[in-house]
Amino acid sequence: MNIQLFNSMGRKKEPLQLRVAGQVGIYVCGVTVYDYCHIGHARVMVVFDTIVRYLRACGLKVTYVRNFTDIDDKIIQRANALHIPFQQLTETFIEAFQVDMQALGVARADREPKATDHLAEMQQMIDNLIRKGLAYPGGGDIFYAVDRFQSYGQLSGKNLAELQSGSRVDVDTHKQNPLDFVLWKKAKPDEPHWPSPWGEGRPGWHIECSAMSCKYLGESFDIHGGGMDLLFPHHENEIAQTEGSSGQPWVRYWLHNGFVNVLTDSGEREKMSKSLGNFFTIRDLLAHYPGEVLRLFILNSHYRSPLDFSSELLDAARHGMDRLYSALAGAKKRLQELPVAAAAPLDDTDWGHWAEEMERFLVAMDDDFNTPQAIAVLFEMAKQINRLVATETASVQEISQGVQLLRQLAALLGLLTTDPDHYFHQLTSTGLGDADIDALIQQRLAARLARNFQEADRIRQQLLEAGIVLQDAKEGTTWRRS
RNA sequence: GGCCGGGUGGCGAAGUGGCCUAACGCGGAGGUCUGCAAAACCUUUAUUCCGUGGGUUCAAAUCCCACCCCGGCCUCCA
């Protein structure tokens, strides 16, 4: 293992050196559950899912923690607007999140803590901060005093003076410094609230990640991730809270993924976000594209780069995905069945002629998780497999080994996880069932045998209009959705 | 205003000092196969132009300077 990763703290690539050899703790800021997730959320989840898969493939014991923010202003607003208890709202969208993630092939995290289950831990940390003189009460709220935390601004590369001069925040009169942030909010009427030593209220946003990550990963751990927009102020504040409270260095590596942009009607590109209302939900997209296509779309750009979203680009990703599965389909036909991916660790297997491909894939992933380069290796393998499949004299073992490695590497990216037949047959919202399609194929076969090509072409055209593409081969005709 | 990123072919996207006359994918063109197709395969698609202009170097898409443009953060946001 020779992983280099870009640390937002310091803004440069560094070798991954773990606190405890062979073990990694990783915390990723999850979603606020008041609405369906959009493609921007999909990006974070897919990116960190891939990183976790890769770390595990490298033989590391990973503990992955991903939270749900299930109490905040927007949740309260939305729940009030719908006249339902906020828990009902958050449970609905936690459930929706899980469904979406499964479709995207995002594995469950080892821990998926909710903020409202950790009030005690948060209060403990706030109490610590007060006792250490880093937090103070004001108007019933508890604030963090940023200028009492020495290295405030280190992560985002800002200093307090710069921040203040550009501040757009309405200054709360109870704050000692405009940049101070709230740890505990005094309850307002009609808001959910919990008892605390400082009166009824609810936690501020930043404190949950500090409290929960420490609970499940300890007061020091290896990797903390999230979207680029969380870098400031969220992660900056998390550091101030956690290190302020524990007095220890907290996170070793900060990873931030870039944004998904959308093109506006006027052709401008802007960040996709809930507040701008310009988002595409994962759910809507899954109605038109298999989850793996969304994954390929996301991973075909480096995780730190901005990612432009459009349906044309998704179509291109689907064609690319089709190509990979076509190679599998061809090999399956030739081998009669697809080899099962071996359970053995990647490095221990003798991949014969394919050793170079594996090496290139691993080198790409080692370099700050360069998935675009890793994907390029997959496409090159697909091409070689296609070539071998078309060569009468090719070694069956070589094909088999290639397919096995291709699937094993692709699986690290969450790709090629299903059977090609299933892949090509899914999402045919044509009204035609498999049996109908097969019947039409039989009719067409009869017409072809009778050399009635006009009728055969008519049936093919009929199917095409229903979204089905036929592929004639010596062994028979197969179909896939167009 | 401050602070970060980024500008690579028709599109997306790697590459960040010599293997770059620039990976990979999508799209396009021609061909093989096919009754015709589709898929696949072969050939081709940036030939001193890697935003613009300077500079450093034996050598730059890659380093430095200036400029232009785009995006983000500085308020909730993945």
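Each chain gets a letter, A, B and so on, in the order the sequences are listed, and its residues count up from 1. Every heavy atom of this structure was used, including side-chain atoms; hydrogens, water molecules and symmetry mates were not.
A salt bridge is defined here as a Lys NZ or Arg NE, NH1 or NH2 lying under 4.0 Å from an Asp or Glu carboxylate O, and D322(A) with R481(A) meets this definition.
Across all strands, F259(A) comes closer than 4.0 Å to base atoms (heavy-atom distances). V47(A) comes within 4.0 angstrom of no nucleic acid atom, judged by non-hydrogen atoms across all strands. Using a 4.0 Å heavy-atom distance criterion, R66(A) is classed as making no nucleic acid contact. Within 4.0 Å (heavy atoms only), E380(A) reaches sugar-phosphate atoms of the nucleic acid but no base atom. Among the protein residues, N300(A) comes within range of the nucleic acid bases, having at least one heavy atom under 4.0 Å from a base atom. Contact annotation for F232(A): backbone-only contact, meaning every heavy-atom pair under 4.0 Å involves sugar-phosphate atoms and none involves a base. Using a 4.0 Å heavy-atom cutoff across all strands shown, N159(A) reaches no nucleic acid atom at all. Using a 4.0 Å heavy-atom criterion, one finds that H302(A) contacts the sugar-phosphate atoms exclusively. Within 4.0 Å (heavy atoms only), G226(A) reaches sugar-phosphate atoms of the nucleic acid but no base atom. Nucleic acid contact class of L230(A) (heavy atoms, under 4.0 Å, all strands): sugar-phosphate only. Using a 4.0 Å heavy-atom criterion, one finds that M272(A) contacts the bases of the nucleic acid, with or without backbone contacts as well.
Taking atom CG of L378(A) as the reference point, atom P of A13(B) lies 19 Å away to the nearest angstrom.
Looking only at distances, a side-chain donor or acceptor of D368(A) sits under 3.5 Å from a matching main-chain atom of F6(A). A side-chain donor-acceptor contact under 3.5 Å links R53(A) to the backbone of A411(A).
No N or O donor and acceptor, one from the side chain of R11(A) and one from the base of C4(B), sit under 3.5 Å apart. In terms of polar N and O atoms assigned as donor or acceptor, the side chain of R43(A) never comes within less than 3.5 Å of the base of A78(B) in a complementary pairing. A donor and an acceptor atom never sit less than 3.5 Å apart when one is taken from the side chain of D308(A) and the other from the base of C70(B). Scanning atom types as modelled, one donor and one acceptor separated by under 3.5 angstrom connect the side chain of R448(A) and the base of G35(B).
Of the side-chain N and O atoms in S305(A), one or more sit less than 4.0 angstrom from OP1 or OP2 of A14(B). At C42(B), one or more side-chain N or O atoms of R387(A) fall inside 4.0 Å of OP1 or OP2 (strictly under the cut-off).
When distances are taken from the side chain of N386(A) to each of A40(B), G35(B), C74(B), the shortest belongs to A40(B). Out of C74(B), G25(B), A14(B), the shortest distance to the side chain of S301(A) is found at A14(B). The side chain of Q471(A) has A38(B) as its nearest neighbour among A38(B), C73(B), G35(B). Considering only side-chain atoms of K158(A), the nucleotide from G35(B), C3(B), C26(B) that sits closest is C3(B).
For the pair K274(A) and Y36(A), the cation-pi test (distance below 6.0 Å, angle within 45°) is failed.
Taking atom P on both nucleotides, A46(B) is separated from C20(B) by 16 Å, rounded to a whole Å.
U21(B) is unpaired under the Watson-Crick or G-U wobble criterion, no partner having all donor-acceptor distances under 3.5 Å.
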